[in-house]
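Read the structure below first, then the notes.
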Number of protein chains: 2
Amino acid sequence: MKIGIVGLGLIGGSLAWDLQHLNYQVIGVSRKESTCDLAVEMGIVSAAGTNLAILKGVDLVFVCTPLGAIASTTLELIPHLQENTIVTDAGSAKGAIVTAITPHWRNFVGGHPMAGKEESGLKFAQVNLFRDNPYVLTPTEATPVESVALVARIVEALGAKLYQCTPEVHDRAVSWISHLPAMVSASLIATCLKEPNPDIQQLARQIASSGFKDTSRVGGGNPELRRMMAEYNREELLRSLYQFQETLGEFISLIEAENWDALHQQLVMTQQARPDFLNHNSLSDL
Amino acid sequence: MKIGIVGLGLIGGSLAWDLQHLNYQVIGVSRKESTCDLAVEMGIVSAAGTNLAILKGVDLVFVCTPLGAIASTTLELIPHLQENTIVTDAGSAKGAIVTAITPHWRNFVGGHPMAGKEESGLKFAQVNLFRDNPYVLTPTEATPVESVALVARIVEALGAKLYQCTPEVHDRAVSWISHLPAMVSASLIATCLKEPNPDIQQLARQIASSGFKDTSRVGGGNPELRRMMAEYNREELLRSLYQFQETLGEFISLIEAENWDALHQQLVMTQQARPDFLNHNSLSDL
């Protein structure tokens, strides 16, 4: 089976690498000639080029461009494909993308590999990036069952933990545990910058330790990626942000009222609940 | 010089260990006989007991009890002390403690070693816990200069990074980078629990990855410690929480207005600002 990968960054490059190891023939497409050359040099693709036309004849294409380019790239890609080619993507929001592409290409299976690292770009690509991490597929009622099954088999061959749900369920779940934390974390950093007294501002920076470091990590990450999360999952993100505002207000009310027992109960609850959200995977999402 | 340590938990135990290595004679006090026995067995104190009276004759006392017990323990301790004994503490909020103790003991130097780990208790005590981490002293105008100098010398001998400021400046700075993140992080966990659809709730837990893990870490920590942070630094914590509410509201407004360029600018700013808060220390605060 021939597999095309459009977008040879961290995700596309790491996918290419694993798929080559699984003995698929992988053909890469990047906007940059130099990235195509690097992918060939690294030996992670059999061929690579800047023109989508080289994907003519492939059986499956992973569109691994940034979120904002997935739909437009896929629409550009379609005229070059055989009728039965399956297209899947790697975007972190699914509703808008599935809605934009499905009317034009029935054989589209929305996908979200929840793996990554701080760094981006082909040179940070690695083998087994997806192993033991969640990989969500979001078929709709219109998606051919055999297309979903084929993508699912490949996801499992990558060693990822496969989940399937609707684009809507995906977007809401991802908003809670990924897009909301990113905006909350960014708001935390922005808040700390507002201390007007320069001595206090400086001391805060000097004594900030791992508590601040961890809580601010996702808010200090790639701005483009986070902007697109918000743009492509706006409705669910807003829903989760409103809920967060409400919960934060409840915490504030308890502190205002000096209701320490109730605050303690809340903190016991959050301590007890957190482990249920962990231990399901090994690496980082972004 | 003889040094007393009241409260043989992670902080008190680690302090005792380092001070023994620095050739001070260390005498420990714990409410529990078994903790005293363990401290003696570990060889980190020359003697230990449950009665504060054994600290008669020491030159310096570190009060390392939980935040809520520092003032009352120090007031109990005072009748046993020589007139020139210096008392310092290890609490993460300083204003309320300094105000409570200073009228009763002039030789009190508020202190906050910003080191710790997830675990608590003497059995997790370790050598060099304070090395390269911030350690803030909060003398007032009434604190004898030579007492501050003595505590400062010991802090530096521990390898910690010494900062000095007023209790008020400490409490505000710590609120931004430690107490606020704890409440924001706890609110994040509590928010994610509010998804009413059990399938989405379950999927969110399954696919939560390192972004959620890091952002939720301090909100899922010791409830007692966090409740006391709020109780003892209530005013500054509320001030930082109100500022956070405002900033969060600004992020929400940008997303509501689909003002992606302005959101992007905010995210560029938070990405650029974050490194200024890091790299100043090596271990974790709590």
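Every chain is numbered from 1, with letters handed out A, B, ... down the list of sequences.
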Heavy-atom pairs under 4.5 Å with chain B, option from [options] with the top count:
{"options": "A:Cys192, A:Ser240, A:Ala273", "value": "A:Cys192"}
{"options": "A:Glu195, A:Glu258, A:Lys213", "value": "A:Glu195"}
{"options": "A:Phe251, A:Trp176, A:Trp260", "value": "A:Trp260"}

>> For B:Ala182, is there any backbone N or O sitting under 3.5 Å from a side-chain donor or acceptor partner on B:Ser185?
In response: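 Not a single qualifying donor-acceptor pair exists.
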> Does A:Thr65 reach the main-chain N or O of A:Ile70 with its side chain, forming a donor-acceptor pair under 3.5 Å?
Replying inline: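 Answer holds: yes.
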>> Would you say A:Arg205 and A:Gln201 are linked by a side-chain donor-acceptor pair, where the criterion is simply a distance under 3.5 Å?
In response: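 On atom types as modelled, these side chains qualify, holding a pair under 3.5 Å.
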Greatest number of heavy atom pairs closer than 4.5 Å to chain A - which of [options]:
{"options": "B:Thr191, B:Thr215, B:Leu267", "value": "B:Thr191"}
{"options": "B:Gln272, B:Met228, B:Glu256", "value": "B:Glu256"}
{"options": "B:Pro181, B:Pro223, B:Gly249", "value": "B:Pro223"}
{"options": "B:Leu263, B:Leu188, B:Val136", "value": "B:Leu188"}
{"options": "B:Met183, B:Arg239, B:Arg234, B:Gln265", "value": "B:Arg234"}
{"options": "B:Asp261, B:Ile252, B:Val268", "value": "B:Ile252"}

At a 4.5 Å cut-off on heavy atoms, which part of [X] comes close to chain B: side chain, backbone, both, or neither?
{"X": "A:Ser175", "result": "neither"}
{"X": "A:Phe244", "result": "both"}
{"X": "A:Glu250", "result": "side chain"}
{"X": "A:Gln266", "result": "side chain"}
{"X": "A:Leu241", "result": "both"}
{"X": "A:Ile200", "result": "both"}

Please classify the contact between [X] and chain A as side chain, backbone, both or neither, with a heavy-atom cut-off of under 4.5 Å.
{"X": "B:Cys165", "answer": "side chain"}
{"X": "B:Ile255", "answer": "both"}
{"X": "B:Leu254", "answer": "neither"}
{"X": "B:Glu224", "answer": "both"}

>> Using a 6.0 Å cut-off, check whether atom CD of A:Glu235 has over 12 heavy atoms from anything other than its own residue.
In response: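 Not more than 12 within 6.0 Å, no.
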Which atom of [X] lies closest to which atom of [Y], heavy atoms considered:
{"X": "B:Asn133", "Y": "B:Ala115", "result": "ND2-CB, 3.8 Å"}
{"X": "A:Thr247", "Y": "B:Ala190", "result": "CG2-CB, 3.6 Å"}
{"X": "A:Ser14", "Y": "A:Ala125", "result": "OG-CA, 3.3 Å"}
{"X": "A:Thr88", "Y": "A:Gly111", "result": "OG1-N, 3.9 Å"}

> Is there side-chain contact between B:Asp89 and B:Phe62, with heavy atoms separated by less than 4.5 Å?
Replying inline: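 No, side chains not in contact.
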> Are any of the side-chain heavy atoms of A:Leu158 and A:Arg131 separated by less than 4.5 Å?
Replying inline: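 In short, these two side chains do not touch, never coming nearer than 4.5 Å.
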>> Between B:Glu231 and B:Arg227, is the salt bridge (Lys or Arg N to Asp or Glu O under 4.0 Å) condition met? List the steps.
In response: CA-CA 6 Å; B:Glu231 190 170 342; B:Arg227 184 187 74 79; 2.6 Å; yes
> Is the closest basic N to carboxylate O distance between B:Lys94 and B:Glu236 below 4.0 Å?
Replying inline: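 Salt bridge flag = no for B:Glu236 with B:Lys94.
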